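Right, one structure below, let's go through it.
None of the values given here were measured: they were computed from a predicted structure. Numbers here simply count residues along the sequence, with the first being 1. What you see below is based on every heavy atom in this structure, not just the backbone, and it leaves out hydrogens, waters and symmetry mates.
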Amino acid sequence: MTNSSKYYIGTIPLTTLIVYASFGWSVVDKQARCQNRTRLTEELVVPVVSIRRIRIIRTLLVILGMTLIDVPAALAAPSPTQEPLDVSYERYNGKTIRNINITVRDIFDDPGINAIYRTLNSLKVNTDEEVIRRELLLHEGEPFDDFRLKESIRSLRTLGFLRQVTITPKPDGDMVDLDVSVQDTWTLIPQVSFSSGTGNNRRAAGISESNLLGRGKRTEFAVEENDNRRSLQGVYEDERVMGTQMKLLAAHLERTDGQRTVAYFGRPYRSLIEKQSWNVSSDTFNLLGRLFQNGEARYVFRQRHTDAGGQFSLAHGEPKDSVGRYTLGFRYIEDRFSQATLKDYEELDINPDSVSHDPNLLAANRRFVGPTLGYTQIEPNYMSMNYIDRFDRVEDYNLGNEFSVNSMFAFNAMGSIEDTLLLNANNSMGYRFNAASFTRGEIGGATRLDSHGLANSLIRTQGQYYNVLGMLSAGGLNLGRHTLATGLRIDYGDKLDKDREFLLGADTGLRGYAARTFTGDKRLILNLEDRVHIADDVFRLVSVGCAFFIDAGGTTNSGIENTLGQDLYGDIGAGLRLAFPRSTGSRVLRVDIAFPMRSDPDGADAWSPRILFSGGQVFDSHLLSETEGPEKANVAVGFDQ
């Protein structure tokens, strides 16, 4: 790239793309104005001030995009030299692995640390070397393979209690030694957390240990008050039961309105190398659910849910090129619904007179029993990068194509209410523009086919763009490390079940408005952020940063185009970011102040500030199919539990 003041996507200047986007938006704006004139003719009056604010939101999105993305290169200061994150050692392929040396570094291993840090090191049980060795796909006496080395590093990085993972081969003739180095993090975490300002206040206290006795087992215990519901919950997770390939997960929740129990046992896929997987699992709960309007419950119901089954999977293909996985299983899914009782309203602290009791709002009972069949194809094209979501913590992203399709044949003869076919599919991929920027996206969908036709259908898409600009400076002033982050999500539902609706507010991406302010069967969310990493590992305890953001989105029960017109809302703001790099996961603590650009439907004023305290990024760099799984990404969104 030449020394100009432009950033490029491929060979197209981003400013050019934004000009096109501006033109496209102006066309949408004209269409919106025409629609508004039609509504006025039909006596559906839209206030002029609302129309103006809709235009302001769209204009600010374009301006901020130009400001954040088209950063003058003259501001860029040289970044500190660091070893490239994607190093190839293919030249050593075929050499015999002689020794594997594992080093587990203390949490604080800097030279010259004082007594406080040394005492903290002594209180922590270091990770057992065997925990590291069992994740390696390379073994002594076997030929070295660069792909297996990279898969081993990715596997170790999934263990949140480890940081700074490296595997360095050292050749010696026809032999090669491997030096494995990881650093421990503080894993015994007091869970004193709260989330406020979203309209959905949450307080929790408890304790979590993610590396029990250095063996990689996780246990959690917490009490929580969330939205007038108090709960007591416990979790135990063992990724390697008795050192085997088996995984065990058990969790139980006791809440004022009911209970939930989750269990899983099996052998999951941990890498592209593995050839088979199996599991049995169950998820049961008896809890209250709600439907919303303008942030308040409009209908309350009780739901009793059971989802139990098992599956077996076989993989084929060359892991370096493409892996296909065939899955066969059996599943039982049942949901029973009933009207809320007076006691239920007391548990939620809701006045029964403030909500609807219309029986037509109650969802119909559902029961599906039958075999499942699925196929997944993964093309590996991984990249590793930091300063995306969690400051200097390195994260891995697959830019290769991942496709999955799953089906369930629920037969009446097996206990289903009627013969039903359930389908869901997902497809994702990404593209790396250069060493500092990439984009990823996916499209997914799910539907149900029975004697009444298609129902509970969803088509969704998600897109992301990240550009790690690195250190910026102006006039000798250090402006910190900047990362431009963009997220887009669209959900389009059709004939959704009555217990399902899409929500939008501060807890789902629109920070200037209370949680669940907007509801509908279609939803659009667009987030733009400039994430500034000011200082890393201050006092070896905390990393400090800030963010400047703009959010826009809307929900509707009519045409999706309304989310860019009369149902479009937006906010702008800034926030503080704190991360704890030497603790498990390096989770980010977030304090934001957001200014809504339009008054919300219940009359809250535009530009009135909303202050939010919460954990984690509002939107992160992982696709929904990665955080929830390809199936749940399509079928488990839109529920209040």
Any side-chain donor near an acceptor of the partner, [X] and [Y], under 3.5 Å:
| X | Y | result |
| --- | --- | --- |
| Ser231 | Glu224 | no |
| Ser271 | Ser155 | no |
| Thr261 | His252 | yes |
| Arg157 | Ser384 | yes |
| Arg393 | Asn386 | no |

Indicate yes or no for a side-chain donor-acceptor contact from [X] to the backbone of [Y] under 3.5 Å, with no hydrogens or angles considered.
| X | Y | value |
| --- | --- | --- |
| Arg255 | Arg229 | no |
| Ser152 | Leu137 | yes |
| Glu626 | Leu623 | yes |
| Asn434 | Ala436 | yes |
| Thr461 | Glu442 | yes |

Between [X] and [Y], does any side-chain N to carboxylate O distance fall below 4.0 Å?
| X | Y | value |
| --- | --- | --- |
| Glu135 | Arg133 | no |
| Asp335 | Arg366 | yes |
| Arg148 | Asp146 | no |

Sequence neighbours left out, cut at 3.5 Å: what donor-acceptor pairs do the side chains of residues 451-459 make with other protein atoms?
from	atom 1	to	atom 2	distance (Å)
Ser451	OG	Glu418	OE1	2.6
Asn456	OD1	Asp497	N	3.2
Asn456	OD1	Arg500	NH1	3.1
Asn456	ND2	Asp497	OD2	3.4
Ser457	OG	Thr447	OG1	2.6

By side chain to side chain contact (heavy atoms under 4.5 Å, CB included) - contacts of [X] (at least two apart):
| X | result |
| --- | --- |
| Pro581 | Arg163, Asp392, Asp537, Ser543, Ser586 |
| Lys95 | Tyr92, Pro171, Val176 |
| Val241 | Asp238, Thr244, Met246, Leu248, Phe265 |

* Name all residues meeting the ring pair (Phe, Tyr, Trp, His ring centres under 6.0 Å) criterion together with Phe391; count only those two or more places apart in sequence or in a different chain, and write none if there are none. =>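 Only His533 meet the ring pair (Phe, Tyr, Trp, His ring centres under 6.0 Å) criterion with Phe391.
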* To do: Please list, chain by chain and in numerical order, all residues satisfying ring pair (Phe, Tyr, Trp, His ring centres under 6.0 Å) with His139, sequence neighbours excluded.
  =>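 Once residues adjacent in sequence are excluded, His139 has no partner under the ring pair (Phe, Tyr, Trp, His ring centres under 6.0 Å) criterion.
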* **Criterion ring pair (Phe, Tyr, Trp, His ring centres under 6.0 Å) against Phe438, the qualifying member of Tyr431, Tyr382, Tyr465, Tyr397** =>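 That would be Tyr397; it is the only one of Tyr431, Tyr382, Tyr465, Tyr397 passing the ring pair (Phe, Tyr, Trp, His ring centres under 6.0 Å) with Phe438.
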Would you please name every residue forming a side chain to side chain donor-acceptor pair (under 3.5 Å) with [X], sequence neighbours left out?
| X | result |
| --- | --- |
| Tyr326 | none |
| Lys170 | Asp179 |
| Tyr375 | Gln377 |

* What pairs of residues pass the salt bridge (charged side-chain N to carboxylate O under 4.0 Å, His left out) test when at least one of them lies in residues 319-334, not counting sequence neighbours? ->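 Sorted result for residues 319-334: Asp145-Lys320, Asp307-Arg331, Arg331-Glu631, Glu334-Arg367.
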* Which pairs count as salt bridge (charged side-chain N to carboxylate O under 4.0 Å, His left out) when at least one residue sits in residues 268-287, sequence neighbours excluded? -> Glu239-Arg270, Arg260-Asp283
* Would Arg590 and Gln617 satisfy side chain to side chain donor-acceptor pair (under 3.5 Å), going step by step from the backbone distance to the final call? -> CA-CA 7 Å; Arg590 183 166 52 83; Gln617 301 286 5; 5.5 Å; no
* To do: Determine which pairs satisfy side-chain hydrogen bond (donor to acceptor under 3.5 Å, both in side chains) with at least one residue from residues 398-412, sequence neighbours left out, and list them in order.
  => Asn398-Glu402, Asn401-Asn427
* Does Leu496 reach the side chain of Phe502, with side-chain heavy atoms less than 4.5 Å apart? ->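 In contact.
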* **Chi angles and distances behind the side chain to side chain contact (heavy atoms under 4.5 Å, CB included) call for Thr372, Phe330** => CA-CA 5 Å; Thr372 61; Phe330 191 86; 6.0 Å; no
* **Leu362 side, atom CG; Asp499 side, atom CG - distance, nearest 0.5 Å** =>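 These two atoms lie 9.0 Å from each other.
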* To do: Taking the six-membered ring of Phe161 (Phe, Tyr or Trp), confirm whether the NZ or CZ of Arg215 is under 6.0 Å from its centre and within 45° of its axis.
  => no
